[in-house]
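Remember, predicted model here, so these are calculated numbers, not experimental data.
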Amino acid sequence: MTLAPELSGGMDLLREVVSAGVIAAVGHTTADFDQARQAFASGARLATHLFNAMRDFHHRDPGPAGAALADDAVTCELINDGFHVHEEAVRIAVNAAGAERIALITDATPAAGMTDGDFHLGPVPVFARDGRVTLSDGTIAGSTLTMDAAVRHAVHCVGLPITTAAIAAATTPATVLGIADRTGSIHPGKDADLVVLSDRLRVETVLRRGAVVHGNLP
């Protein structure tokens with residue numbers, strides 16, 4: 001559950017969420033560094049959409065992004081589509097936190113996988129043009145990103161090793177969700193939900209529990 005800890009009752013809600021066993025996340029927030037740090041110290045373990053929809057990082061007030069990157073217990077989401085976060089900011093975040101604390105996400109809207117057009121995000125009209133999804137005023141509103149594209153962008157544009165991108169796309173999210181004992185990496189006894197990529201990092205085959213559900217094995 002994503003919340004803004006600086007809002008009235010925000011910290012009380014955070015503690016209730018944590019006590020209920022729900023993963024608490026800090027995001028869509030104008031919290032300053034100290035407020036965000038207090039939220040993480042109180043049990044929040046995720047930064048939603050790092051750098052986006054939150055107070056800017058500043059050298060005198062690192063804000064929620066700085067608090068998240070500085071806390072070894074916090075995982076940081078990144079929408080790695082080339083629009084939401086600059087490639088060098090992605091590289092900085094990965095270097096600061098390590099792949100084990102970076103989770104590549106899509107923030108995908110109904111426009112994902114579709115051609116350019118007009119869509120709705122809930123009741124809100126959004127417009128997809130050249131891979132970018134915006135409101136009528138130009139504000140970014142979600143993405144058309146798919147996870148394979150996020151991995152390709154991480155490797156081809158950010159310059160991350162494929163092993164780092166794979167950890168951020170699969171292992172880290174599974175760890176956050178508490179299911180890394182059965183998925184998120186390739187290991188005997190795990191679920192064998194696998195995606196086989198080509199040399200160009202395009203999806204060739206998908207397996208679910210070891211059975212091919214898309215494409216063919218090489």
Side-chain angles (χ1 to χ4, degrees), residues 1-2 21-23 25 45-50 52 75-85 87 90-91 93-94 97-122 126 128-133 141-218:
M1 181 176 180
T2 299
V22 176
I23 299 169
R45 288 293 172 261
L46 189 67
T48 299
H49 306 172
L50 190 73
N52 298 120
T75 298
C76 303
E77 295 181 351
L78 283 172
I79 309 170
N80 189 39
D81 61 356
F83 300 119
H84 280 79
V85 184
E87 285 80 4
V90 173
R91 192 197 310 273
V94 173
E100 293 77 10
R101 290 207 296 119
I102 296 293
L104 296 183
I105 63 166
T106 66
D107 198 34
T109 66
M114 308 293 283
T115 57
D116 285 357
D118 300 345
F119 301 86
H120 279 81
L121 186 58
V126 294
R129 303 289 186 272
D130 299 321
R132 186 184 183 105
V133 181
S143 78
T144 63
L145 188 65
T146 55
M147 188 56 70
D148 59 311
V151 170
R152 280 195 300 277
H153 193 80
V155 175
H156 294 159
C157 300
V158 180
L160 301 181
I162 181 61
T163 50
T164 298
I167 291 170
T171 310
T172 300
T175 301
V176 171
L177 293 172
I179 56 175
D181 59 327
R182 61 182 178 84
T183 192
S185 61
I186 301 172
H187 191 275
K190 291 195 175 185
D191 287 349
D193 295 336
L194 306 171
V195 177
V196 181
L197 303 178
S198 69
D199 290 342
R200 299 183 65 185
L201 304 183
R202 299 282 176 176
V203 175
E204 288 194 339
T205 308
V206 179
L207 296 90
R208 183 176 184 274
R209 295 187 179 273
V212 175
V213 295
H214 171 77
N216 298 289
L217 286 175

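Between Met114 and Thr144 there is no side-chain heavy-atom pair separated by less than 4.5 Å. With a 4.5 Å cut-off on side-chain heavy atoms, Arg132 and Asp81 do not count as touching. Counting only heavy atoms from C-beta outward, the side chains of Asp118 and Arg129 approach each other to under 4.5 Å. Contact check for Asp107 versus Leu145: no side-chain heavy atoms found under the 4.5 Å cut-off.
Counting only residues at least two apart or on different chains, no salt bridge (Lys or Arg N to Asp or Glu O under 4.0 Å) pair has a member in residues 155-169. Listed by first and then second residue, the salt bridge (Lys or Arg N to Asp or Glu O under 4.0 Å) pairs that reach into residues 166-177 come to none, sequence neighbours excluded.
In this structure Ala154 satisfies the side chain to side chain contact (heavy atoms under 4.5 Å, CB included) test together with Asn80, Leu104, Leu160, Ala165, sequence neighbours excluded. In this view, Ala93 and Leu50, Phe51, Leu69, Leu78, Ile102 satisfy the side chain to side chain contact (heavy atoms under 4.5 Å, CB included) rule, not counting sequence neighbours. When the salt bridge (charged side-chain N to carboxylate O under 4.0 Å, His left out) test is applied to Arg45, no partner is found at least two apart in sequence or on another chain. Residues passing the salt bridge (charged side-chain N to carboxylate O under 4.0 Å, His left out) test with Arg152, sequence neighbours excluded: Asp148. Checked against side chain to side chain donor-acceptor pair (under 3.5 Å), Thr75 has no partners two or more places apart in sequence or in another chain. Evaluation of the side chain to side chain contact (heavy atoms under 4.5 Å, CB included) rule for Thr109 yields Ala111, Leu121, Val133 as partners, not counting sequence neighbours. Not counting sequence neighbours, Asp130 has no partner by the salt bridge (charged side-chain N to carboxylate O under 4.0 Å, His left out) test. Taking the side chain to side chain contact (heavy atoms under 4.5 Å, CB included) definition, one finds that Ala166 meets it with nothing, sequence neighbours left out. Qualifying ring-ring contact (aromatic ring centres under 6.0 Å, His included) partners for His84, counting only residues two or more places apart in sequence or in other chains: none.
Among all heavy-atom pairs drawn from Glu77 and Leu46, the shortest one is OE2-CD2, 3.4 Å. Residue Ala169 comes nearest to Met147 through the heavy atom pair CB-SD, 3.9 Å, listed as atom of the first residue, atom of the second, then distance. What you find for Phe119 and Ala128 is that their closest heavy atoms are CE1-CB, 3.9 Å. Here the shortest heavy-atom pairing between Gly184 and Ala174 reads CA-CB, 3.8 Å. The two atoms that bring Ile105 and His49 nearest to each other are CD1-CD2, 3.3 Å, heavy atoms only.
Surrounding CG of Leu177 are more than 12 heavy atoms belonging to other residues, nucleotides or ligands, all under 6.0 Å away. Crowding of His120 atom NE2: a count of heavy atoms from other residues, nucleotides or ligands under 6.0 Å exceeding 12.
To the nearest 0.5 Å, atoms CD1 (Ile162) and CG (Leu197) are separated by 6.5 Å. The line from CG of Asp191 to CZ of Arg182 is 5.5 Å long, rounded to the nearest 0.5 Å.
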>> Assess the residue pair His153 and Val158 against the criterion (side-chain contact (heavy atoms from CB on, under 4.5 Å)); give the C-alpha distance rounded to whole Å, side-chain angles, the decisive distance to 0.1 Å, and a yes or no.
In response: CA-CA 6 Å; His153 193 80; Val158 180; 4.1 Å; yes

Identify all side-chain donor-acceptor contacts of residues 200-218 below 3.5 Å with residues at least two apart in sequence or on another chain.
{"residue": "Thr205", "atom": "OG1", "partner": "Asn216", "partner atom": "O", "Å": "2.4"}

